[in-house]
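Below: the structure, in structure tokens.
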Amino acid sequence: MRRHPVLTGIIFVFLCLLPLMSGRDFTPDNELRYLQIADEAIENGSVFTFTNDGRPYADKPPLFLWLVMLLRLAVGRHSILLLSLLAFIPAAVIACVMDRWLMLAYEEKGRSADPGTRLAMVLMLFTSGMFCGTCFFLRMDMLMTMFIILAFYSFYRSYTFRRDSSLQSWLLPLWIFLALFTKGPVGLLMPLLGIAVFLIIRRDAKLLGKYLGFKTFGVIILLCALWLGGVWLEGGKEYLYELTVHQTVGRGINAFTHAKPFWYYFEALPINLAPYVLFSLPIIIISYIKSYGKTIMESLLLCSALTTFIMLSCFSSKLSIYLLPLVPGLTYCIPLAIERLGWKGWMSACLKTTIVILSLIGLFGLVAVLVLPHLGPQSGPVGELQNLLGTMSFLSSPAVITAMAILFAGGVFSLLLCSNRAHWSAPVASLATTILLTVFAASFTIKEINPYIGYGSLCAEVPESGRVVTLFVKRSENMKVYLHRDIVRYEKDVDAFLAAEALTDEPSTLIVTTERIAENPRLQEFLRSRGQRRVTVGEYSVIEY
């Protein structure tokens with residue numbers, strides 16, 4: 001552990017997340033859609049242009065979808081574990097790069113990084129809010145974040161005249177292009193703006209031409225020309241316009257999706273830094289204000305974080321996960337800030353408060369699971385919690401009880417480490433370990449949770465032949481990944497469903513949100529007269545007629 005703290009931390013994180021990564025279902029919002037797009041691209045022989053349920057899909061660049069297609073071709077199916085590695089491996093690379101960068105920053109001060117601090121930071125990074133969830137969910141954000149971090153790291157090595165600075169000057173535009181090639185304009189703008197503002201603040205504006213000049217933009221433009229040329233040849237000018245102009249302007253200026261107010265990210269940043277936000281955010285803010293003695297790493301990462309925060313706030317389309325590229329840099333500024341400012345009483349109080357809150361969550365969870373089911377019917381919030389425990393019986397399973405016990409006991413142990421005047425990294429590492437073990441224990445209920453996550457369990461109840469009809473089911477077109485046939489979708493239109501289905505005698509299976517049946521007497525009457533078999537899976541009903 002002392003010789004290889006980062007490798008030890010990454011292996012431990014992987015083992016704790018393995019049951020979740022290998023056993024969970026695909027989420028319908030994004031993951032199932034990406035699988036459907038990959039299947040259609042393979043079927044159609046497409047490389048640069050994509051479709052979703054037969055309709056053009058120009059929302060994202062192709063790199064991540066290529067990786068999904070490659071895994072599909074390699075193993076002959078969509079494996080949740082292998083696909084999860086498309087997020088976990090970039091997360092591990094980010095952790096390794098940030099650790100190496102941290103050691104270089106300590107070298108600036110003529111010191112070496114303590115192995116305990118390095119281990120604590122990699123565990124803290126992997127258990128930080130959005131980073132934790134995104135390191136195994138099938139999204140493009142972690143891959144883009146990896147390339148953005150690599151771009152900043154290459155700039156840092158070149159700026160500080162490391163031995164490989166010449167190579168890094170060529171890698172910088174490559175990483176920037178790959179970030180753009182993964183998810184779009186943010187991957188291009190974040191490193192470019194971050195580096196430009198950093199140089200201006202450092203009064204090195206004369207170096208803009210060196211780092212963001214002909215070489216950088218030449219490589220990016222050349223690679224973009226090759227990519228967009230392939231798009232034009234394969235999809236024509238309409239698809240090219242949709243990919244470049246409509247998606248960029250539509251999301252940046254007048255969002256057609258995820259439109260949020262300017263101040264949205266002030267609310268979203270704590271989510272990205274949770275559960276350490278009460279500990280980390282005050283340190284980050286004071287570190288930014290007190291500029292004396294900052295390392296180049298701190299200055300670059302804090303400057304790029306603030307620049308990106310303002311840039312993203314100006315865009316119309318906003319999601320909490322868009323702040324993910326800020327998390328590694330902000331997290332790894334914490335040890336440098338503590339080293340520079342000194343360990344203060346208010347820092348200890350913030351850390352203890354964080355630990356106490358998580359311990360209380362574990363204690364509350366234990367009480368709720370062990371006591372509430374045995375009480376009589378209650379009203380108000382307690383009654384609602386009783387109903388939830390009754391509906392989702394897995395919440396009272398031994399795995400969940402064990403998870404809550406670990407969270408409480410681990411929190412108490414971490415608090416004791418704080419009280420014993422141990423180095424701050426010890427309670428942070430202990431708390432992060434507690435969180436990972438809590439996730440590990442709770443993940444053994446994943447089979448019971450899957451019906452509430454995705455459509456795999458639902459589609460398993462659908463007969464192998466006959467029509468499939470959906471009503472009040474979100475993104476049901478991507479059920480084709482499981483059912484391998486087209487879906488008749490009525491969205492929320494009950495009248496259209498009743499009118500059309502009354503005229504067909506073909507064997508059919510309806511998938512409908514269960515609570516919607518009780519709200520519509522006409523739908524109840526139709527199902528009562530035609531329904532032959534009914535199965536409830538999660539919040540949905542599968543009805544054959």
Side-chain angles (χ1 to χ4, degrees), residues 1-14 91-128 131 135 145-146 149-150 152-165 168 198 273 276 279-280 282-284 286-288 290-305 326-344 347-348 350-351 414 417-418 421-433 436:
M1 187 180 296
R2 293 191 62 84
R3 292 183 61 187
H4 305 287
V6 176
L7 180 60
T8 301
I10 290 173
I11 291 174
F12 178 68
V13 171
F14 179 76
V93 171
I94 291 170
C96 292
V97 172
M98 295 307 301
D99 176 74
R100 176 58 183 160
W101 203 345
L102 181 67
M103 290 193 292
L104 292 177
Y106 270 97
E107 286 179 9
E108 282 185 43
K109 299 183 174 185
R111 300 188 58 183
S112 58
D114 176 68
T117 300
R118 294 170 61 196
L119 177 62
M121 295 317 299
V122 70
L123 293 177
M124 183 177 176
L125 178 62
F126 269 102
T127 52
S128 292
F131 195 94
C135 75
T145 298
M146 181 188 76
I149 293 298
L150 286 169
F152 280 121
Y153 182 64
S154 288
F155 167 75
Y156 170 84
R157 292 192 67 89
S158 182
Y159 182 76
T160 54
F161 303 104
R162 300 287 169 176
R163 285 181 299 177
D164 59 348
S165 59
Q168 299 298 338
F198 167 79
L273 298 177
Y276 308 99
F279 169 62
S280 60
I283 295 175
I284 291 167
I286 293 176
S287 172
Y288 188 85
K290 296 187 175 182
S291 58
Y292 63 86
K294 276 183 187 172
T295 63
I296 296 175
M297 175 186 179
E298 281 182 275
S299 299
L300 175 58
L301 292 176
L302 290 173
C303 179
S304 64
L326 276 62
V327 176
L330 293 179
T331 300
Y332 271 80
C333 279
I334 291 172
L336 295 171
I338 294 174
E339 177 82 13
R340 181 163 50 86
L341 301 173
W343 183 248
K344 308 294 185 182
M347 295 180 184
S348 178
C350 289
L351 180 57
S414 302
L417 287 178
C418 284
R421 298 183 180 275
H423 189 265
W424 65 268
S425 62
V428 168
S430 174
L431 184 60
T433 299
L436 289 166

TODO: Report yes if the side chains of P328 and F131 come closer than 4.5 Å at any heavy-atom pair, otherwise no.
DONE: yes

Open item on the list: I'd like to check L302 versus L330 (side-chain heavy atoms, cut-off strictly below 4.5 Å). Are they in contact?
Closed with: yes

Open item on the list: One pair to check against side chain to side chain contact (heavy atoms under 4.5 Å, CB included): V97 and M146. What are the steps and the verdict?
Closed with: CA-CA 9 Å; V97 172; M146 181 188 76; over 6 Å; no

- [ ] Taking the side chain as every heavy atom from C-beta outward, state whether S287 and R340 have any pair of such atoms under 4.5 Å apart.
- [x] yes

TODO: Say whether S158 and Q168, considering side chains only, have a donor N or O and an acceptor N or O under 3.5 Å apart.
DONE: no

Task: Test item: S128 and L273 side chains (from C-beta on) under 4.5 Å apart, heavy atoms - done: no

- [ ] With the side chain counted from C-beta on, respond yes when L336 and K294 share a heavy-atom pair under 4.5 Å apart, and no when they do not.
- [x] no

Task: Worked check of ring pair (Phe, Tyr, Trp, His ring centres under 6.0 Å) between W101 and Y156 - done: CA-CA 9 Å; W101 203 345; Y156 170 84; 5.3 Å; yes

TODO: Report yes or no: does T117 contribute a side-chain atom to a donor-acceptor pair with the main-chain N or O of A113 at less than 3.5 Å?
DONE: no

Open item on the list: For a quick test of reading the model, state the closest non-hydrogen atom pair linking I296 to E108 and the distance between them.
Closed with: N-OE1, 3.3 Å

TODO: Walk me through it: do Y106 and T295 pass the test side-chain hydrogen bond (donor to acceptor under 3.5 Å, both in side chains)?
DONE: CA-CA 8 Å; Y106 270 97; T295 63; over 6 Å; no

Open item on the list: Go through it in stages, so that I can follow the logic: the residues are L301 and M98, the test is side chain to side chain contact (heavy atoms under 4.5 Å, CB included), and I'd like the CA-CA distance, side-chain angles, deciding distance and then a yes or no.
Closed with: CA-CA 11 Å; L301 292 176; M98 295 307 301; 3.9 Å; yes

Open item on the list: Is the shortest side-chain heavy-atom distance between Y332 and E298 below 4.5 Å?
Closed with: no

Task: Side-chain heavy atoms of P335 within contact of W424, under 4.5 Å - done: yes

Open item on the list: Quick check for you: to the nearest 0.5 Å, what is the distance between C303 atom SG and Y288 atom OH?
Closed with: 6.0 Å

Task: Minimal non-hydrogen separation, P427 against S414, with atom names - done: CB-O, 3.6 Å

Task: Between CZ on residue R118 and CE on residue M103, distance to nearest 0.5 Å - done: 4.0 Å

Task: L341 side chain near I286 side chain, heavy-atom distance below 4.5 Å - done: yes

Open item on the list: Could you measure the distance from the CG atom of L300 to the OH atom of Y153? Nearest 0.5 Å is fine.
Closed with: 12.5 Å

Open item on the list: For a quick test of reading the model, state the closest non-hydrogen atom pair linking I334 to S280 and the distance between them.
Closed with: CD1-CB, 3.2 Å

Task: Interatomic spacing from CZ in F155 to OG in S165 - rounded to 0.5 Å - done: 12.0 Å

- [ ] Just do the side chain to side chain contact (heavy atoms under 4.5 Å, CB included) check on S348 and W343 with the steps written out, would you?
- [x] CA-CA 8 Å; S348 178; W343 183 248; 3.8 Å; yes

Open item on the list: Check this for me: K109, atom NZ, are more than 12 non-hydrogen atoms of other residues, nucleotides or ligands nearer than 6.0 Å?
Closed with: yes

- [ ] Determine, step by step, whether K344 and I338 satisfy the side chain to side chain contact (heavy atoms under 4.5 Å, CB included) criterion, reporting the C-alpha distance in whole Å, the side-chain angles of both residues, the deciding distance to 0.1 Å, and the verdict.
- [x] CA-CA 8 Å; K344 308 294 185 182; I338 294 174; over 6 Å; no

Open item on the list: Out of the candidates L119, V122, L123, only one should pair with F12 under the side chain to side chain contact (heavy atoms under 4.5 Å, CB included) rule; please name it.
Closed with: L123

Open item on the list: Nearest 0.5 Å, please: how far is CD1 in I10 from CZ in F126?
Closed with: 5.5 Å

Task: Interatomic spacing from CD1 in I284 to OG1 in T331 - rounded to 0.5 Å - done: 6.5 Å

